[in-house]
Structures are given as structure tokens and as C-alpha cells.
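Reviewing the structure listed below.
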Amino acid sequence: MINNNKNFIPALTGYRAIAAWIIFIYHFFPFAKTTIPDIIRNVVSQFHFGVDLFFVLSGFLITYRYYNQSKIDFKQYMVNRFARIYPMYFLLTVLVFLVGFIKTNTWTLEQTKELIFSVTMTKAFFSEYFLVGVPQGWTLTLEEMFYLTAPIYFLFIKKNMKWLFILPVLIFVLGFILKNITAISINEIGFLQTGIHVFIFEFFAGISLAVLILHKKIEFKYYWVTYFGLGIIMIYLFGKSYIGMIINSNSSIIRAIEVIFLSYLGVIPLLWGLINEKTFIQRFLASKHMVVLGKSSYIFYLIHKGFIPVFINDYVIENKFILFIILNLLSVIMFYTLEEPINRYIRKKYKRP
């Protein structure tokens, strides 16, 4: 069940660790090995869905924490979001470019552009700069966009619940139109060509779950919702690679259908179950060690791909399981010595009297 501290739900913190680990497996799984059965390779090739797990969770947590506030202190709200996301991202981004400069002893105009798009968290708008700096940092562009606009969504939804369904469709359609309008030859840096508009459905899936829970709109007698959500996620993973052979999954509309299926039928039931059902999965994710790993999962996500694992692989050990252990230990250390102290300092310094 939900902890007395409304802002903290233990099982969902452990869930964050699992989502980050799924992405790690996606990036480091040895797809090329022929000894691995095709069915496993096909499933793991879809493990980028760890990002989808994060987006739905973000939509839920922000809504659950702020939706019922009569008036959101927007400045304090953004300070809290900034303190949570930006400091460690900025530090690691600077280190990425510094390491690159030390290795090559050169600095070009192109690198300056990459640095600017990275530190301003706008790189996800440009296909040519999508993976520069901290490659996985593209997701933070979407997170920050959601943080900025979520209070506006709440105003609409409070007036009429229909906006829960209308707003994501409108935003998706707008993104679809802008992507097609900007698909011209002079758009050499790929502005608005990354297809990020499809992810709006995942944030709204999280919003929908939070609103339903806050309004006490859904209840179930039996503990089956967790397993239903997991079952749908497994169907998605097994089916997507095969369906992709028949249908062009690069289409915005097909991608939208995919994320709606995954988030509304898979991730929402899973999250609801983790909050409300006393299953062994909930107990495991809410355990002390998983909560610690969940709290440090943001650091893990930021460092799991880049110069740190490259250094470990080249100079320490090549074994990916050992790499996984080292990165987790390093993430926990960085969380308690850097991320959490910096977060608290910024919140305290800019807290309204």
C-alpha cells in the first residue's frame, strides 16, 4: 500500500531500478552471439521499453504529488524538478566533453553546438544531435518539457476529465504536423524529426492512473492486476519484433498505437498493482536494498553508457555482469555523496520563506 509519506511509494522506487537495468541490458546484451536463441534476442532487442517505463512513472508521480494542490507554487515546483534532474546531468555532460577534449586535444565549432544542445537539454529536438554528449540524456528533454507543461494539463483536466484523452491526441497531432512540415532539405540538423511527440501518450497514461487513484475511481477484489500488466508487457515484447517485420513501426501512427498499448494496458496495471496489491513482486521492489538501488537509478541511467563503462571495460574488466555490479555500486556512492546533497542544498537555498 501507499506509504504515509505521500511523495514516497517504496515499490515504485524499486521499479525505477528495474527500468534502468532493463535499459542497461538493452545496451550491453550480446545480440550477435549465435548461441543465444532468436526468441531471447528478439525480446531483449525491445528492452529500450525501459524508457517507456520511466515516462509513465514520471506522469504518475508528478500528478500524484501536485494534482490536488489548489495552487502550485510554480517557482518552487521547477526548483525541485531542476534540483532532481539537472545537476548530475550537467556534471556528467561536462565530463563527457572534457574527456573528449583531453583525448583529441581539439575543439571544433561542431563540438560547441553539441555542448550547447546538451547543457540546454534541447538535443532531443534535433535528429543530428539526438545522441551527443550523454547519449541517453535525450529522454531528459521530454521529462523537462513534461514538467513545464504538467500544471497546465492539470488545469484542463480539473475542469473536465475528457481532457485526459483529448490533450494527448491534440499534442500528438500537432507534433505529427510539425514533423511533416519541417521535413525539408534545408532542415539539415533534423529539427523536430526525432518523433518524440509519440511519447506524450505515456506521460498521460501516468497522469490518468494518478487521477483515477486520487479520485478513488478504481478498485479490484483480487490480486491479479500486477500480473495482468506484466502479461501485457510480455505480449508486447514477444510480439513487437515479429509485427515489425510486417508493419512499418517507424510510422508515427504505428508507434503511437504501440506506446498506447504498452502504457495503458501494460504499465498502468503494473503500477496500480505495485501500489495496491500485496504480491511478492511488490514486497521485493519495496525491500530496503531495492529502494536504495531505485534511489540511485537516475545516476545509474546516466553513467551506464559513456566514458565510465568504456574506461571500466578497457582498463578494469570486460565482463558485463561485473560491469553491472560496479556501476550499481558507483551509482549508490554518487547518490549519497553528490546527487542527494546537491538536491537538498538547491531545494533549501531556493525554498520560499
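Model, not experiment: these values are computed from the prediction.
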Exercise. Is the shortest heavy-atom distance from the side chain of Y298 to the side chain of L140 under 4.5 Å?
Worked result: yes
Exercise. Do any N or O atoms from the side chain of R16 and from the backbone of G294 form a donor-acceptor pair under 3.5 angstrom?
Worked result: yes
Exercise. Between V43 and F47, which heavy-atom pair has the shortest distance, and what is it?
Worked result: O-CD1, 3.5 Å
Exercise. Any side-chain heavy-atom pair from V56 and F60 closer than 4.5 angstrom?
Worked result: no
For this session: Answer with yes or no whether the hydrophobic clustering places F117 together with L109; edges join I, L, V, M, F, W, Y residues whose side-chain heavy atoms lie under 4.5 Å apart.
Result: no
Problem set entry | Interatomic distance, Q193 atom CD to L178 atom CG [nearest 0.5 angstrom] | 10.0 Å
Seminar exercise, completed: Hits for side chain to side chain contact (heavy atoms under 4.5 Å, CB included) against I72, two or more places apart or cross-chain, chain-then-number order -> Y66, Q69, Y77, P151, F154
Exercise. Going from CE on M88 to CD1 on I299, what distance comes out if it is rounded to the nearest 0.5 angstrom?
Worked result: 3.5 Å
Problem set entry | Y64 reachable from L155 in the ILVMFWY side-chain graph, under 4.5 Å edges | no
Exercise. Any sub-3.5 Å donor-acceptor pair from Q136's side-chain atoms to Y301's backbone N or O?
Worked result: yes
For this session: With sequence neighbours left out, write down each residue that passes side chain to side chain contact (heavy atoms under 4.5 Å, CB included) with T149, or none if nothing qualifies.
Result: Y153
Problem set entry | Same apolar cluster: I184 and L192, side chain cutoff 4.5 Å | no
Exercise. Is a side-chain donor or acceptor of E202 paired with a backbone partner of L53 at a separation under 3.5 angstrom?
Worked result: no
Exercise. Would you say N313's side chain and P309's backbone share a donor-acceptor pair under 3.5 angstrom?
Worked result: no
Exercise. With a cut-off of 6.0 Å (strictly less than), are more than 12 heavy atoms of other residues, nucleotides or ligands near CZ of F280?
Worked result: no
Exercise. Any idea which heavy atoms bring V132 and S118 closest together, and the distance?
Worked result: CG2-OG, 3.6 Å
Exercise. Is a donor on one side and an acceptor on the other found under 3.5 Å between the side chain of N160 and the backbone of W163?
Worked result: no
For this session: In sequence, state the C-alpha distance, the side-chain angles, and the governing distance for I275 and W272, and then conclude on side chain to side chain contact (heavy atoms under 4.5 Å, CB included).
Result: CA-CA 5 Å; I275 295 167; W272 191 94; 5.9 Å; no
Exercise. Between K158 and Y67, is NZ or CZ placed under 6.0 angstrom from the six-membered ring centre and within 45° of the ring axis?
Worked result: yes
Exercise. Do F146 and F199 have side chains that get closer than 4.5 Å, going by heavy atoms?
Worked result: no
Exercise. Closest heavy-atom contact between A124 and T194?
Worked result: O-OG1, 2.7 Å
Problem set entry | Contact check, side chains of S287 and M290, non-hydrogen atoms, under 4.5 Å | yes
Exercise. Can F156 and I166 be said to form a side chain to side chain contact (heavy atoms under 4.5 Å, CB included), step by step?
Worked result: CA-CA 10 Å; F156 279 90; I166 296 172; over 6 Å; no
Exercise. Do side-chain atoms of N187 reach the backbone of A183 as a donor and acceptor pair under 3.5 angstrom?
Worked result: no
For this session: Would you give the length of the straight line joining atom CG of L270 to atom OH of Y15, rounded to the nearest 0.5 angstrom?
Result: 6.0 Å
For this session: Considering non-hydrogen atoms only, spot the tightest contact between L95 and F307 and give its length.
Result: CB-CZ, 3.8 Å
Problem set entry | Any residue meeting side chain to side chain contact (heavy atoms under 4.5 Å, CB included) with Y345, in chain and number order, not counting sequence neighbours | K349
Exercise. Do S208 and Y264 come close enough that some side-chain heavy atom pair is under 4.5 Å?
Worked result: yes
Exercise. Is the closest side-chain donor-acceptor distance between T226 and Q282 under 3.5 Å?
Worked result: no
For this session: May I have the step-by-step check of side chain to side chain contact (heavy atoms under 4.5 Å, CB included) for V198 and F176, ending in yes or no?
Result: CA-CA 9 Å; V198 302; F176 180 79; over 6 Å; no
Exercise. Sub-3.5 Å donor-acceptor pair from the side chain of E277 to the main-chain atoms of W224, do we have one?
Worked result: yes
Exercise. Is there a donor-acceptor pair closer than 3.5 Å between any side-chain N or O of E114 and the backbone N or O of Y129?
Worked result: no
Exercise. Does one hydrophobic cluster hold both F101 and V310, with members joined at side-chain heavy-atom distances below 4.5 Å?
Worked result: no
Exercise. Between I303 and Y336, is there a shared hydrophobic cluster once you connect ILVMFWY residues whose side-chain heavy atoms come closer than 4.5 Å?
Worked result: yes
Problem set entry | Pairwise side-chain contact, K179 with H197, heavy-atom cut-off 4.5 Å (strictly under) | yes
Exercise. For the residue pair T63 and I207, what are the closest heavy atoms and their distance?
Worked result: OG1-CG1, 3.2 Å
For this session: Check whether any side-chain N or O of K240 sits under 3.5 Å from a backbone N or O of F238 as a donor-acceptor pair, and report yes or no.
Result: no
Exercise. Do other residues, nucleotides or ligands put more than 12 heavy atoms under 6.0 Å from H289 NE2?
Worked result: no
For this session: Measure across V291 and T13 and return the closest heavy-atom pair with its distance rounded to 0.1 Å.
Result: O-CG2, 3.4 Å
Exercise. Are the side chains of I85 and M121 in touch, meaning some heavy atoms are under 4.5 Å apart?
Worked result: yes
Problem set entry | Centroid-centroid distance, F24 to F28, less than 6.0 Å | yes
Exercise. Is it the case that R84 and N80 place a side-chain donor and acceptor less than 3.5 Å from each other?
Worked result: no
Exercise. Going through the checks in order, is the side chain to side chain contact (heavy atoms under 4.5 Å, CB included) test met by F54 and T139?
Worked result: CA-CA 9 Å; F54 276 124; T139 61; over 6 Å; no
Exercise. Tell me, do F300 and F324 make a side-chain contact under 4.5 Å, heavy atoms counted?
Worked result: yes
Exercise. Distance under 6.0 Å and angle within 45° of the ring axis: does R41 meet both against F29?
Worked result: no
Problem set entry | Between OG on residue S297 and CG on residue L293, distance to nearest 0.5 Å | 8.5 Å
Seminar exercise, completed: One should read off an interatomic distance between E128 CD and E110 CD, to the nearest 0.5 angstrom, of 8.5 Å
Problem set entry | Plane angle bin for F201 and F172 - parallel if under 30°, tilted between 30 and 60°, otherwise perpendicular | tilted
Exercise. Is there a donor-acceptor pair under 3.5 Å between the side chain of K123 and the backbone N or O of G133?
Worked result: no
Exercise. What distance separates L323 CG from I317 CD1, expressed to the nearest 0.5 Å?
Worked result: 9.0 Å
